[in-house]
Amino acid sequence: MRHMAFDRPLLRDSDGLLFWRLLGTGSGRSMSLGADLYRWALFAVWRSDGDLEAFLRSSPIAARWRDEAVECWQVRLAPLSSRGTWAGRDPFGGSCGTRAGLFGGPRQDVAVARGSPVAVLTRASVRVRRLVAFYRSVPPVDELLRRQDGCLASIGMGEWPLVRQATFSLWRDQDAMRGFAYRGAEHRRVVELVRSHDWYAEELFARFIPYASEGTWNGTDPMQPGPRPGAGAPRGRYHGTDPAR
């Protein structure tokens, strides 16, 4: 827990790190009151894959993850679309849907192949006067996520307890993600309440193409195609197609 404070100066000095947030995690699959003090996350936007590789290779933060963690998992994401801000900023610098500025390649449209996995990040700063109503709405959405066909993995995260919350989720494809977002009655009801009662002081909704992953999350890599580890599949490494193709 102390590293949530002490790692900040090191992250600020990391070459090529354009935007980052250290995050605690919740006990549910979406934003929740319960905390999981054994699990922590870093959301980071890098100038290039090379900068991330250098960080993983030489940063004392990355070395400590390898030495102290029982389990680690990382996923690399090409931003597809984003709406809103995080601490008053667009984390992606207007580069959603292109490789320009994030992956070091030429400007090319990023398209989602039919049936390809997608990832979603939702982040909100909840108004204090709306906290009770907000958290009353969470359990039905959390249960819906648990039962949702096509949700590969999901977790609630946060910068500040209760007030600044986020959910990260991985989906089998866009159809599965849209089924939850637009056809799930509980989720639609919460979205309507957010809009009509002005629950959020700030919000961000972003979609991504996962193009590589490594490690395990609860014993498996949720991005790993085919059989799970133990059934003949290589453990904990996924490389999808180039997101620009």
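Applying the ring-ring contact (aromatic ring centres under 6.0 Å, His included) criterion to Phe19, with sequence neighbours excluded, gives Trp86. Remark: Trp73 engages Asp221 in a side-chain hydrogen bond (donor to acceptor under 3.5 Å, both in side chains) (not counting sequence neighbours). In terms of the side-chain hydrogen bond (donor to acceptor under 3.5 Å, both in side chains) criterion, residue partners of Arg127 (sequence neighbours excluded) are, by chain and number, Asp198. When the side-chain hydrogen bond (donor to acceptor under 3.5 Å, both in side chains) test is applied to Thr25, no partner is found at least two apart in sequence or on another chain. For Arg89, there are no salt bridge (Lys or Arg N to Asp or Glu O under 4.0 Å) partners at least two apart in sequence or on another chain. Every residue two or more places apart in sequence or in another chain that forms a side-chain contact (heavy atoms from CB on, under 4.5 Å) with Trp65 is listed here: Leu42, Phe55, Ile61, Ala62, Cys72. Residues satisfying the salt bridge (Lys or Arg N to Asp or Glu O under 4.0 Å) criterion with Arg172, sequence neighbours excluded, are Asp149. With sequence neighbours left out, the side-chain hydrogen bond (donor to acceptor under 3.5 Å, both in side chains) criterion links Ser58 to no other residue.
Each salt bridge (charged side-chain N to carboxylate O under 4.0 Å, His left out) pair with one or both residues in residues 53-62, not counting sequence neighbours, appears once here: Glu53-Arg76. Sorted by first and then second residue, the pairs that involve residues 12-27 and meet salt bridge (charged side-chain N to carboxylate O under 4.0 Å, His left out), not counting sequence neighbours, are Asp15-Arg47, Arg21-Glu159.
Between the CG atom in Leu23 and the CZ atom in Arg39 there is a gap of 13.5 Å [rounded to 0.5 Å]. To the nearest 0.5 Å, atoms CG (Leu152) and CH2 (Trp171) are separated by 9.0 Å. Here the OH-OG distance, from Tyr211 to Ser116, works out to 15.0 Å after rounding to the nearest 0.5 Å.
In terms of modelled atom types and a separation under 3.5 Å, the side chain of Arg123 and the main chain of Met157 share no donor-acceptor contact.
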